[in-house]
Structures are given as C-alpha cells and as structure tokens.
Amino acid sequence: MSTIDGGATLGETRSSAVVGVEEPKRPPRSRRRMREIGLAYLLLLPSLVIFGVFIFYPFLRNFYLGFYRTPPFPGLPMRYVGFDQYRDVLTSTDFLDSVKTTVLFMIMTVPAGIALGLGLAVLAHQRLKGIGVYRTIFSSTVATSVAVASVIFGTLFNPVVGLLPWLGVNPRPPILDNPQWALPAVALVTIWQTLGLTFILMSSGLQAIPDEIHEAARVDGAGAGTRFWKITIPLLSPTIFFAVVIGGIFAFQTFGQIDLLTQGGPLKKTNVLTYFVYRTLRTENNDGKAAVLAVALFTITMTLTLVQMRFLERRVHYGR
Amino acid sequence: MAAELPRPSSAGRTRARHLTGLAARYLLLTVLAIIVIFPLYITIVNSLLTPGQIAARPPKFFPLHPQWDTYSRAWDVGHMSRYLVNSAIVTAFITVGQVVTATLAAYAFAFLEFPFKRTLFVVFLATLMVPFEVTIITNLTTVTSLGWYDSYQGLAVPFLATGFGAFLLRQAFLQVPRDLQDAAELDGYGHWRFMLRVAVPLARPAMAALSVFAFLGAWNQYLWPLLVTKDDRYRTVQIGLKQLRATSIDQVNVTFAGVMIAALPLVILLLFFQKQLVRGLTAGAVKG
Amino acid sequence: MGRVVLDHVTKKFDEVVAVDDLSLEIEDREFLVLLGPSGCGKSTALRVIAGLEDPTSGTVTIGDRVVNDVEPKDRDIAMVFQSYALYPHMSVRKNIEFPLRTRHVEPADRQIAVNEAAVALGLVGLLNRKPAQLSGGQRQRVALARAIVRRPAVFLMDEPLSNLDAQLRIQTRAELIELQRNLQTTVVYVTHDQVEAMTMGHRIAIMNDGVLQQVGPPQSVYERPANLFVARFIGNPPMNTMEGRVVDREGVRAVEFEGGCLPLDPAHAAAAEASGAKSLVVGVRPEHLAFSDDGALHAVITVVESLGHERHLICRLTDGQMIIVRQGSDVPRPAEGTAVRLAADPMHLHVFDAVTERRIDPR
Ligand SMILES: Nc1ncnc2c1ncn2[C@@H]1O[C@H](COP(=O)(O)OP(=O)(O)O)[C@@H](O)[C@H]1O
Ligand SMILES: [Mg+2]
C-alpha cells in the first residue's frame with residue numbers, strides 16, 4: 001500500500017460521525033483529510049494520464065495543426081498559414097461532397113435501422129412458445145463486427161460469385177462500383193450489422209413498460225394501432241431518442257465498411273468524413289489538412305448531437 | 001337459426017381464430033428470422049464448399065460434402081491463428097485496463113471528497129464528447145515516436161481508460177448502502193480493503209457489463225489497428241480479415257472460413273454474457 | 001345487465017391449472033369479492049372475465065351474451081389494476097379521458113364525463129398533473145376515475161388497495177363501498193385480505209389452488225365454513241382445529257384427540273356417525289373458548305397478547321398443540337404460565353370429515 005493511503009479509513013467523508021470519537025491511535029483529522037485527497041488524485045491519475053495524452057492533447061492539437069500547411073515532402077518545415085488552410089479545405093468540393101455523403105449515409109441508416117429494430121422488437125415481444133429462438137436470431141448480428149459484415153456482404157454483392165446478382169439485382173457497373181448504388185449498399189450492410197444492437201436496445205425498452213399498461217389500454221378500448229402509437233411509442237421515446245443520437249454519432253464515425261467495400265469510391269460517392277480524414281492522413285500524408293477535417297468532423301458531430309438534444313428531447317417522455 | 005348455435009361452436013370458433021392468428025404470427029416471425037440470419041447462414045455454408053461450388057448456379061444452400069480443410073487453411077496459411085492471438089492479447093489488455101482504471105476513478109468519485117471533484121468529473125464526461133476518429137492524427141505521431149508502431153502497446157495503451165466506464169461504475173458504487181460503509185468503518189477497513197472486499201463485489205453486475213462492453217469495443221476495432229500496424233505479427237483479426245480476403249481472392253471459401261473464425265469468439269461470448277451485454281448497452285439509455 | 005356468469009371455466013398455463021372448473025354467478029349490482037391466498041388463481045379468473053386471457057375451456061357470460069369471442073374493449077367492463085397501470089406520459093385528465101377518446105366520444109361530452117369523475121373522486125385540483133407527481137392514494141383514485149368515467153356494467157378490481165398504507169386502506173375501503181352503492185354497478189373485487197372481503201363484499205367467493213371453495217355472504221361463510229380450508233382461512237386469529245375420533249364418554253359422544261377431548265352435541269354426533277367419517281376434525285373459534293372449572297381441555301397459558309380492546313391468550317394443550325383463546329379486556333389479565341381448563345361452546349363447534357375436509361352439519 002502506498003504511503004499516501006496509510007491508514008485512512010472510511011469515515012472522513014462524513015466527518016460528523018467521527019468527530020466526537022476519541023481514539024488515540026488515529027492520526028489527526030487534518031492529516032487524514034490530506035490522505036483522502038491524496039488517495040483520490042492517485043486513483044484518478046491513471047485515467048487522467050491516458051485522457052490527457054490520447055484524447056485531450058491530440059484533440060486540441062488538431063486546431064493548432066490546422067494553422068500549418070504540411071510540406072509536400074517530408075523533412076521540410078511546416079508553414080504557418082493562419083486560417084487559409086481552414087478556408088481552403090472547408091470550402092473545397094471534396095469536403096462539401098464528403099459532408100453531403102455522410103449526411104446522406106446517416107439518413108439512409110438511422111431511421112430505417114431504428115424502424116426495423118423497433119418492428120422486430122415489437123414482434124418478438126409476445127408471449128409465444130419458442131419466442132426465445134427468434135429473439136436470439138434477431139439479436140445475432142451483435143456478434144458480427146463491421147469487418148465481418150463487410151466481408152460477408154462484399155462477397156454476396158460480388159458480380160461473379162455473389163447471390164445478389166443471381167437474385168437478379170445486378171446493376172451495371174456492379175453494385176459496389178456503381179455511383180448510384182454503392183452508398184445504399186454500404187448502408188444496407190450497416191443496417192444489418194447494427195440491427196442486433198438496435199433490436200436489443202428496443203427490446204429492453206419494451207420490457208421496461210409494464211404489461212399492465214398495455215392491458216389497461218386494451219380494456220380502455222384501444223386497438224393495436226392506438227396502443228402502438230399512443231402508449232408504446234411515447235413510453236419508448238427515451239430509448240428511441242437515445243438510438244437516434246447514438247446512431248447519428250455512429251454514422252459520422254463510419255469507416256470499416258467503406259475501407260473494405262468501396263474505398264470511398266466510385267467517384268468519391270462513398271467518401272464519408274472519417275474515411276476522408278484517413279485518406280488524407282494515410283495517402284496524402286497531409287497532417288494539416290487531415291487536422292482541419294478532424295476539427296470539422298468534431299464540430300459537425302457535436303452540433304448534430306446538440307441540435308438533436310435541443311429539438312428531439314423536448315418530445316421525449318421520461319416519466320416525470 | 002344458424003346464428004344461435006350452442007356454446008361448443010363458439011368455443012370452436014375462438015379456437016380456430018386463435019390458431020390462424022398464431023400461425024400468421026409464427027409465419028411472419030420465421031420469414032423475418034430467415035432474412036436476418038441468412039447472411040450468416042450462407043457464410044457458414046460457403047465456408048464448407050469448394051470455390052467452384054460457390055460460383056455454381058443455382059447456388060448451393062447446403063454443404064453436402066463439407067470441406068472442413070478450408071478452416072485449417074484459413075487458420076494456418078491465412079494466418080488467422082496469429083491474428084486471433086493478437087486480438088485476444090490486445091482485447092484482454094484493454095478490457096482489464098479499462099475495468100481497473102474505471103474502478104479506481106469511480107471509487108474516488110463515489111466515496112472520496114477532494115477539491116475540484118465536480119470539475120474532474122466533467123473532464124471525465126467530456127471524453128465522451130470527443131470521437132476517437134478525431135484524435136488519430138496526433139495519436140499516430142505519438143505512438144510512432146514512442147516506438148510503439150507495430151506493437152501491442154501501440155494497439156492497446158490509448159484505450160486503457162474510459163469515461164463511460166468510470167461513469168457506469170460510479171453509479172453502481174453510489175448504490176452501495178451507507179450502512180455498509182459504516183459497518184466497514186467500525187471493522188476498521190481502510191479504503192483499499194473496502195474497495196476490494198465490499199464495493200467491487202457489490203458492483204459486480206456493472207463490472208460485468210463494463211467488461212463485456214469493453215471487450216466488444218476492443219475486439220471490433222478497425223481504424224486504429226489499421227493505422228498502427230503493418231506487420232502481420234501484430235495485425236488483429238479484423239484487419240487480418242482484410243488481408244485474408246486480399247490474399248485468397250481465388251478461394252472465397254477460405255475467406256468465409258476466416259469470417260467464421262473471426263466471429264466465433266464473440267458468438268461464444270455473447271451466448272454466455274447476453275444479460276451483461278444488454279445491461280452494458282442499455283446503461284446509457286436508461287439514464288434520463 | 002351487469003350479470004356475470006362463469007360456466008365451468010378452466011384456465012391452464014402449460015401444466016399449471018390456474019383456474020379449475022370455476023362456475024360462479026355474479027348478480028347485477030352485486031359486490032362480489034374473490035378471496036384466496038396468493039397464487040390461487042384469483043387474478044387469472046378476473047382476467048378471464050376481462051378478456052385479457054382466453055379460457056382453456058368453459059364460457060363467460062356478461063349481461064346476456066357469451067363473451068368468449070368478444071374483445072376486452074367490447075365487454076362493457078372497466079378494470080382497476082393492482083399497480084394502477086396509469087399512463088405515465090399522460091396527465092390525470094388525459095388518463096381519465098383515454099377510454100372515452102378510444103371510443104370517439106365527442107369532446108364536449110368527454111369534458112363533462114371527466115369532470116364528473118374528477119368531482120366524484122376528489123381529483124379536481126390534480127387534473128393537469130402527471131401520475132409521477134401524485135401520491136399513492138391519489139394515483140389509486142385516478143385509476144378508479146378512469147374506470148368509472150365510462151359507466152361500464154361491470155368493474156373488475158385486482159387488489160386495488162394493496163399498495164396503500166394501512167390508514168388509507170381503511171378509508172378507501174369505505175369510499176369504495178359508497179361508490180359502488182352510488183353507481184349501482186356490478187363489482188368483482190379480488191383480494192387476499194380477508195378483512196377487505198368481510199367488510200366489502202355482498203358475497204365472497206373463496207378460492208384455493210384454482211378451485212372455488214365456497215360462495216356466500218361474509219357472515220354465513222364465517223359461521224358455516226364449507227370446509228377446513230375456508231375454516232382456517234377466514235377469521236383472525238384463525239379457528240383452532242383438532243383432529244381425533246369419536247368416543248363414548250359417560251354416555252356422551254365426544255371427539256378425543258391427543259391433547260384432550262371435546263364433547264359433541266347429540267345432533268352433531270349423529271350427523272358425524274351418519275357420514276361414516278372415520279376421523280374428524282373439530283374446530284372452535286377463539287371467541288368460543290372460555291375458562292371453566294369443569295372444562296374439557298387442560299392447557300397452560302404461554303403468551304398473553306394484549307390488543308387494547310381484547311386479548312389473545314396463546315395456550316398449549318398437554319400434547320403441546322397450540323390453541324388460541326380470545327378474551328375481552330374487561331376481565332383481569334391472566335398470568336403467563338397459569339394452568340387453566342377451557343370449555344368450548346358446543347353450539348359453536350365446527351365438525352369436518354378429516355379425509356374429505358368437508359363440513360358436517362348437525363342433523
Ligand atoms: N401468464 C402466466 N403464465 C404462466 N403461469 C401463470 C401466468 N399467470 C398466472 N400463472 C400461474 O397461475 C397461478 C395463479 O396465478 P394468479 O391468478 O396470478 O394468482 P393470484 O392472483 O390468486 O395470486 C399461479 O400459479 C401462477 O404462477
Ligand atoms: Mg393476483
């Protein structure tokens with residue numbers, strides 16, 4: 001045990017219980033207080049070091065890096081350009097297209113994913129024999145990673161060995177090289193891969209609604225539709241809200257599917273922001289530009305989340 | 001007077017209506033279940049076929065002569081064994097690390113009084129606001145300059161702390177009854193002993209949830225391992241899959257076997273820890 | 001119109017028979033209490049009436065139609081749940097209004113009905129609150145208001161008072177009786193609390209293990225329990241029961257058991273004999289036991305419980321069996337450890353066949 005900890009005991013936080021007690025062996029109050037403070041900082045230290053080095057420092061350094069242009073060849077010094085680089089990158093067509101692609105991707109994945117997860121959860125929330133099997137199947141895709149899902153679907157989409165072409169879905173150029181279909185295809189993979197998660201989330205939300213509420217509504221004359229829209233949806237709204245916010249954040253972090261399926265193409269039609277950052281960093285070795293993109297990525301995610309909180313959360317019922 | 005049939009027929013009608021409704025529900029559930037599970041099913045099937053059979057039209061939906069050797073090829077030639085071990089090491093490192101650092105921090109927030117407690121708690125929560133993708137530029141530089149490129153440290157160390165986990169465990173610790181703290185104090189327990197003997201055992205459900213959550217996150221990582229490894233000896237299984245697919249273009253079956261190998265640990269984990277997973281995943285949503 | 005008839009209703013959940021061949025007629029405007037220990041199938045029976053569960057067999061009639069095929073909403077019933085089942089996202093007004101909205105009642109009429117219900121249950125000042133902002137008692141009233149607002153023919157209530165504290169329970173009990181009298185509707189009321197059953201029901205129906213044991217007015221059930229289960233379930237402190245066989249004692253028929261012997265009156269003895277029962281159980285309520293110098297039971301007082309208005313003397317017979325005597329507090333308090341002799345009022349002895357557990361009435 002560390003010297004800071006010594007014999008500090010639990011009482012200090014609620015001194016009133018301890019004050020009156022005469023006990024010679026104990027160190028005086030002020031010293032015990034110091035020890036408690038020391039212990040607290042010691043306990044926080046590991047986390048704070050990691051956060052400092054790997055989250056806050058790199059995060060803040062992005063803003064700084066954005067002011068410097070990375071030289072075209074390594075070894076040359078970085079050049080201070082003020083806001084020029086911010087302006088250039090943030091007004092470039094590549095960036096604007098990338099934002100558009102990401103937003104489009106979010107619109108394709110989030111509502112559909114939630115609707116499907118919710119639908120399956122409602123269906124599986126019945127008292128039926130063997131319903132456990134269906135629940136397991138509907139939640140099964142939590143066991144897949146983005147990479148697993150992408151490789152599976154990449155093959156299913158393959159024009160030669162894939163099953164989708166055999167089923168007659170065979171656009172030309174092939175679906176993942178098709179500027180019109182590549183993004184929806186990646187969205188489909190994403191919806192499938194996150195379906196298990198959404199299903200589990202919605203199911204546990206449904207389980208939190210007491211059966212008696214539904215029964216009361218039945219006796220009160222509400223049909224299945226009324227019960228769904230007037231009882232289930234409002235009572236599930238915190239869960240749905242959570243899924244929308246998290247889904248939005250996930251959409252802006254999409255990377256693996258793109259790297260494995262389309263590499264941002266065709267015609268940069270799947271060049272979502274995170275992939276754009278990665279390419280800029282990896283292929284162009286352009287830290288300065290990548291940093292500007294990262295700042296933008298952060299700002300957009302943050303704004304989106306705050307906007308959702310502001311406008312959606314009002315309509316959420318938390319039971320209070 | 002056909003409408004005035006005696007009771008038994010009424011009961012019969014109920015039964016018949018009931019049965020049709022039931023059949024319809026099962027049918028709908030089954031169709032949806034087949035759609036959801038199909039990609040995984042066909043992966044298993046394809047992993048046991050020859051490349052020729054996979055390309056055959058109409059496709060085969062059942063492996064009559066399973067080719068089990070695709071698995072050994074993915075395992076050895078495709079280096080899946082190596083990738084799996086790497087993923088296991090990195091994941092274990094991250095999971096244990098997160099649980100330990102989160103426990104320590106959460107204990108401080110739940111049981112200790114110290115200056116700047118609120119501020120520091122906000123700092124912890126602020127980490128949730130910064131997506132990891134935003135930090136990769138400098139983290140790559142940092143890891144490289146530490147000499148951790150292509151190493152387990154490089155893969156794991158940036159993830160050894162978690163604001164979410166600290167928050168989750170703090171909530172669990174706050175549930176520990178005051179009476180227990182008083183009793184422990186009367187028994188002369190110090191903070192460390194109270195933490196290990198009382199707080200941690202009582203917070204076991206939250207700990208389990210965090211562990212499963214951390215495991216899942218670490219195992220499924222893609223962007224960071226792709227950035228900081230070039231050497232097969234340190235590639236994790238997710239990146240290994242990309243590699244495997246690239247090197248076995250003419251052997252789709254081996255790629256599918258690799259997919260199964262990559263997915264299996266999670267399947268097993270989730271079969272055993274479904275409840276903890278659900279708790280971990282919903283921990284965020286339950287909070288109003 | 002508010003008549004409810006259950007005809008040979010059975011409800012099984014897989015292997016569990018929750019309700020076993022239940023036949024019961026509930027009159028229009030009757031307050032019927034379904035009483036029984038927890039798990040005996042009361043709620044299931046109520047839910048079958050409501051239509052929330054389909055009976056495995058048998059028919060349910062409400063008014064004059066068989067409702068087996070009728071949806072709950074079309075059965076002209078309202079239900080008050082144990083947990084109240086208020087809609088947490090709706091205000092009190094919206095909660096009460098909900099059954100009217102689903103039936104597309106005109107807004108103006110809705111308004112009137114809601115206000116009437118709110119007045120009847122003292123909720124006028126609370127109409128804009130959410131359920132979470134109400135006390136337990138207030139929530140209970142909202143649940144009642146939501147039930148009465150539609151003026152259904154039958155009210156179904158599943159332990160509606162069990163989540164209230166003792167004081168409030170007694171008060172609400174009286175209010176419910178009054179409410180039923182004013183509304184003139186049929187009430188089927190489920191409870192495991194015999195005091196509620198005794199005080200509220202016009203008749204009580206006692207269930208055990210899914211099987212109906214006895215139906216009747218509270219006093220007659222108390223005075224003439226149909227079987228041992230009812231005898232032991234109704235009454236607090238419970239009836240003392242002793243198992244033994246009939247013997248001849250100096251020309252008098254008596255039941256002899258390990259700890260003593262109780263004489264039977266001739267009519268009872270004859271009935272017991274005629275029934276052919278090998279072994280009998282005699283029961284005597286604590287208030288029908290008294291000290292007597294020639295009492296047939298020898299006992300020692302082990303504990304004296306004073307309740308203020310009365311006392312319960314816990315005694316042990318010579319074989320160690322416990323027997324409870326109820327005593328007014330106007331007589332001097334006996335000392336613990338005193339040896340006493342107890343006599344039972346022969347007119348108030350209950351006799352049961354020990355095997356079938358059925359009551360044997362004197363001839
Ligand atoms: N939905 C159900 N599934 C299976 N068993 C049930 C269900 N509902 C009730 N039961 C069983 O039926 C029996 C009677 O339950 P219930 O009617 O709730 O009793 P009570 O209301 O008298 O306490 C119990 O054994 C209970 O476990
Ligand atoms: Mg019940």
Side-chain angles (χ1 to χ4, degrees), chain A residues 114 118 121-122 125-135 201-244 309 311-320, chain C residues 13-14 43 46-47 49-54 70-91 94-105 129-134 139 142-150 152 154-160 163:
Chain A
I114 289 175
L118 176 60
V122 168
H125 188 67
Q126 318 185 42
R127 256 194 285 157
L128 285 181
K129 239 182 229 148
I131 197 73
V133 176
Y134 293 100
R135 289 204 185 123
L201 199 62
M202 295 297 158
S203 287
S204 49
L206 284 180
Q207 264 151 35
I209 304 175
D211 286 345
E212 288 196 345
I213 299 251
H214 287 288
E215 293 174 349
R218 273 181 73 189
V219 174
D220 283 345
T226 312
R227 289 203 302 273
F228 181 75
W229 290 109
K230 292 273 153 66
I231 308 286
T232 307
I233 292 289
L235 292 182
L236 208 56
S237 57
T239 311
I240 297 174
F241 171 70
F242 176 77
V244 169
M309 296 217 171
F311 289 100
L312 287 181
E313 194 161 24
R314 263 202 240 140
R315 316 186 50 173
V316 169
H317 159 76
Y318 282 121
R320 247 167 210 286
Chain C
F13 295 107
D14 297 321
S43 294
L46 196 73
R47 292 163 57 83
I49 299 175
L52 294 171
E53 306 279 2
D54 285 330
V70 179
E71 283 289 306
K73 65 186 169 75
D74 301 322
R75 291 190 178 198
D76 203 12
I77 51 155
M79 188 154 170
V80 178
F81 292 83
Q82 184 171 6
S83 65
Y84 313 142
L86 300 181
Y87 309 120
H89 56 299
M90 299 181 192
S91 65
K94 286 267 165 62
N95 262 283
I96 302 175
E97 211 178 21
F98 190 77
L100 301 176
R101 267 176 188 270
T102 59
R103 289 182 170 75
H104 309 291
V105 174
R129 297 221 195 147
K130 291 271 179 74
Q133 300 163 323
L134 301 177
R139 280 179 217 181
V142 177
L144 279 174
R146 191 174 67 184
I148 67 169
V149 73
R150 240 179 44 224
V154 182
F155 278 133
L156 307 175
M157 305 195 184
D158 193 351
E159 315 221 6
N163 286 333

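Here is how names work: the chains are called A, B, and so on, in the same order as the sequence lines, proteins then strands, and each is numbered from 1. Just so you know, these numbers use all the heavy atoms, side chains as well, and skip hydrogens, waters and symmetry mates.
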Side chain, backbone, both or neither of Arg150(C) within contact of chain A (heavy atoms, under 4.5 Å): side chain
Arg75(C) portion near chain A, given a 4.5 angstrom heavy-atom threshold: neither
Chain A contact via Leu100(C) - side chain, backbone, both or neither, heavy atoms under 4.5 Å: neither
Most contacts with chain C, counted as non-hydrogen pairs under 4.5 angstrom, among Arg218(A), Lys129(A), Lys230(A): Arg218(A)
Atom pair CZ/OG1 of Phe98(C) and Thr226(A) - distance to nearest 0.5 Å: 6.5 Å
Which atoms of Asp158(C) approach chain A - backbone, side chain, both or neither, heavy atom under 4.5 Å: neither
Part of Arg127(A) lying under 4.5 Å from any heavy atom of chain C: side chain
Straight-line distance of Met79(C) CE to Glu215(A) CD, nearest 0.5 Å: 7.0 Å
Side chain to side chain contact (heavy atoms under 4.5 Å, CB included) evaluation trace for Met90(C) with Ile231(A): CA-CA 9 Å; Met90(C) 299 181 192; Ile231(A) 308 286; 4.1 Å; yes
Most contacts with chain A, counted as non-hydrogen pairs under 4.5 angstrom, among Pro152(C), Ala143(C), Pro99(C): Pro99(C)
For the student: nearest non-hydrogen atoms of Ala78(C) and Val219(A), plus distance: CA-CG1, 4.0 Å
Greatest number of heavy atom pairs closer than 4.5 Å to chain A - which of Ala85(C), Pro131(C), Ala147(C), Gly51(C): Ala85(C)
Minimum-distance pair of heavy atoms, taken over all atoms of Thr102(C) and Gly221(A): CB-O, 3.5 Å
